[in-house]
**Q** 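The structure is given below, and queries will be raised subsequently.
Lettering follows sequence order; numbering is per chain, from 1.
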Protein chains: 2
Amino acid sequence: MRMTVYTDYALRTLLYLGVHADRRVSIREVAEAYGISENHLVKVIHHLGRGGFIDTLRGRNGGLMLGRAPEDICIGDVVRHTEEDMALVACMAPSMPGEKRQAGAGCLLAGGCHLRGVLGEAMGAFMAVLDRQTLADLLRPYERRVLTQAAQNVEAAPAP
Amino acid sequence: MRMTVYTDYALRTLLYLGVHADRRVSIREVAEAYGISENHLVKVIHHLGRGGFIDTLRGRNGGLMLGRAPEDICIGDVVRHTEEDMALVACMAPSMPGEKRQAGAGCLLAGGCHLRGVLGEAMGAFMAVLDRQTLADLLRPYERRVLTQAAQNVEAAPAP
DNA sequence: CTTAAAGATGTATATTTCACACACCTTATT
DNA sequence: AATAAGGTGTGTGAAATATACATCTTTAAG
């Protein structure tokens, strides 16, 4: 179990695309908007593209846009997609064949380890919260404000 | 947010001490029982000791024992103690002064980032599950079996 | 059909974090 | 004093992360 900036970038990219749903956005624009590494973001975005969360288009006038409606993008799915071991409690992996743990008399708790069960349950509760949320839920509170702000930006800095 | 073997060792140590509550146990014994590094376990145990979860005694006939009754040892507290950033959603830390994120036009979502809220809620759900569990809950299912097994071990391998 | 813009991909590197080893100190019992 | 136990600090190897760099492919504009 883990949460890295990789997932952070993924979620922020989706939010950015949701806010600017009226056009295609370049990777560079997203990177600059958040002040993060463009090179790294490329991989995140590619990964999101292969997962169907975003639609990428190469070439001139290409760019990114959401692959589905915000209502159909479940935050839990995104996290599961970007954090590989979110589906299982791998971090605590005990009593797996071939592991050091096997030494000695073996795990005292093997054969029904409650630790695993409790941690699994906690993990489930974590994901359940994220599964209840869609991108649309995250976008809703900002819709008005951000759109206004975007309009201002367009006025202030016309397309180069 | 993160779960490491550090916490794994901590929980297993507590379980071991709970099972062998009739006597003091040495660090070496715990390390050998699980086949893990004694050197590393020393630090985990020391940390648990400073947190009051276990009682350590130096010198001859010294060793470890639970610092409180198993019913009074909350699993959530243990995890919070061993995983430093469990109390907050530090991994996603956005819009903190001095961070790179500040570049460009600043975080579009600053001033009420819902990402933070949702992740915080998910985190809360995770910890809530662990907060409902005490060490006694984890020990209960094994009490009979493990004690029996321990007795057998004593018969099979008398003290060296 | 050439060129430029945009994403795709592979390799390399820098940093951080773990897990662990090693050496040495302190405490307490015998 | 000697010995057995925990306490403490430093160092290290491996792995995971985040990022940089270089190059290729696709697409549309001119």
**Q** Nearest-Å distance, CG (Asp8(A)) to P (dT19(D))?
**A** 10 Å

**Q** How close or far is atom C1' of dT29(C) from atom CZ of Arg24(B), stated in whole angstroms?
**A** 13 Å

**Q** Determine all donor-acceptor pairs shorter than 3.5 Å in which one atom belongs to a side chain in residues 126-136 of chain B; sequence neighbours excluded.
**A**
unit_1    : atom_1 : unit_2    : atom_2 : d
Asp131(B) : OD1    : Arg80(B)  : NH2    : 2.6
Asp131(B) : OD2    : Arg80(B)  : NH2    : 3.2
Thr134(B) : OG1    : Ala136(B) : N      : 3.2
Thr134(B) : OG1    : Asp137(B) : N      : 3.4
Thr134(B) : OG1    : Asp137(B) : OD2    : 3.4

**Q** Hey, is the side chain of Thr4(B) poking within less than 4.0 Å of OP1 or OP2 on dA19(C), counting only N and O atoms?
**A** yes

**Q** Across nucleotides 5-10 of chain D, 5' to 3', mark each nucleotide with B, S or - according to how protein heavy atoms within less than 4.0 Å reach it.
**A** BBSBBB

**Q** Is the CZ atom of Arg68(A) crowded by more than 12 outside heavy atoms at less than 6.0 Å?
**A** yes

**Q** Would you say the side-chain atoms of Glu83(B) pair up with the backbone N or O of Thr4(B), donor to acceptor, closer than 3.5 Å?
**A** yes

**Q** Without decimals, in angstroms, what is the distance between Glu29(B) CD and dA4(D) P?
**A** 16 Å

**Q** Kindly write out the residues that satisfy side-chain contact (heavy atoms from CB on, under 4.5 Å) with His46(B), not counting sequence neighbours, or none if the list is empty.
**A** Arg50(B)

**Q** In whole angstrom, give the distance that lies between atom NE2 of His47(A) and atom P of dT9(C).
**A** 12 Å

**Q** Counting only N and O atoms by type, is there a donor-acceptor contact under 3.5 Å from the side chain of Tyr9(B) to the main-chain atoms of Val44(B)?
**A** no

**Q** Using whole Å, what does the distance between atom C1' of nucleotide dA19(C) and atom CD1 of Ile36(B) come to?
**A** 11 Å

**Q** Does the side chain of Glu38(A) come within less than 4.5 Å of Ile27(A)'s, by heavy atoms?
**A** yes

**Q** Starting at atom NE2 of His40(B), determine the distance to atom C1' of dG11(D), rounded to an integer number of angstrom.
**A** 15 Å

**Q** Return the value, rounded to whole Å, for the distance between atom OH of Tyr6(A) and atom P of dT16(C).
**A** 22 Å

